[in-house]
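Report on the structure given below.
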Amino acid sequence: MQAERTDFFERVWCIVAQIPYGKVTTYGHIAAALGARRSARIVGWALQAAPPGLPCHRVVNSNGWLTGKNHFPSPTFMEERLRSEGVRFIGPDRVDLKLHLWVPGSESEMKR
DNA sequence: CTGATGACGTGTG
DNA sequence: ACACACGCCATCA
């Protein structure tokens with residue numbers, strides 16, 4: 001069944017859905033949380049197929065740049081949304097990761 | 001099945 | 001430190 005693809009995507013959605021308010025995370029950290037640090041790009045695919053309601057605007061690249069804003073209904077929606085959450089911007093499309101970087105697994109106990 | 005693409009990351013020159 | 005290139009995994013044509 002084609003639901004198989006949702007399996008991997010669902011992992012990403014689950015992580016993104018766990019991002020707390022006013023926080024952001026990076027593709028690499030999500031991929032690392034999934035155990036596929038090299039699949040950071042696949043994380044972006046999951047967001048592309050991500051259903052509405054998912055805070056995908058809280059996901060940025062390691063540089064803190066809103067690389068995916070181009071894929072939003074409005075290129076400014078992402079920036080406005082993050083600012084609305086109190087996220088500090090250090091550039092036109094760059095968020096302060098050191099102030100809002102959230103790591104997946106912090107909330108989840110995970111194995112180990 | 002093969003080729004090309006992609007909302008990234010890391011390494012090397 | 002900066003610029004360029006490759007790799008990685010999954011999806012689409």
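These numbers come from a predicted model, not from an experiment. Letters A, B, ... mirror the listed sequences (proteins, then strands); counts begin at 1.
Put simply, NE2 on H57(A) and OG on S84(A) are 8.5 Å apart, with the number rounded to the nearest 0.5 Å. The distance from atom CD1 of I42(A) to atom CD of Q48(A), rounded to the nearest 0.5 Å, is 11.0 Å. In this structure, CE in M78(A) is found 11.0 Å from CZ in R58(A), a value given to the nearest 0.5 Å.
Comparing atom distances between the F72(A) side chain and each of dG9(B), dA10(C), dA7(B) picks out dA7(B) as nearest. Counting only heavy atoms from C-beta on, R38(A) has its side chain closest to dC8(C) among dT11(C), dC8(C), dC8(B). Which of dG6(B), dG9(B), dA7(B) sits closest to the side chain of A40(A) comes down to dG9(B).
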Q | Intra- and inter-strand pairs of DNA chain C in dot-bracket (Watson-Crick or G-U wobble, both distances under 3.5 Å; | for another strand) | A | .||||||.|||||

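Cation-pi geometry between R94(A) and F89(A) is not met at under 6.0 angstrom from the ring centre and within 45 degrees of the axis.
When the C1' atom is compared between dA3(C) and dA7(B), the two are found 22 Å apart, to the nearest whole Å.
With rounding to whole Å, L34(A) atom CG is found 13 Å from dA10(C) atom C1'. Look at CG on L97(A): it is 14 Å from P on dC8(B), rounded to the nearest Å.
Between the side chain of R41(A) and the base of dC8(C) there is at least one donor-acceptor pair of N/O atoms closer than 3.5 Å.
When each of T25(A), L34(A), I19(A), T26(A) is paired with P104(A), the side-chain contact (heavy atoms from CB on, under 4.5 Å) condition holds for T25(A) and for no other.
The side chain of S39(A) places no N or O atom within less than 4.0 Å of a non-bridging phosphate oxygen (OP1 or OP2) of dC8(C).
Put simply, the side chain of N63(A) never gets that close to the backbone of W65(A): no donor and acceptor are under 3.5 Å apart.
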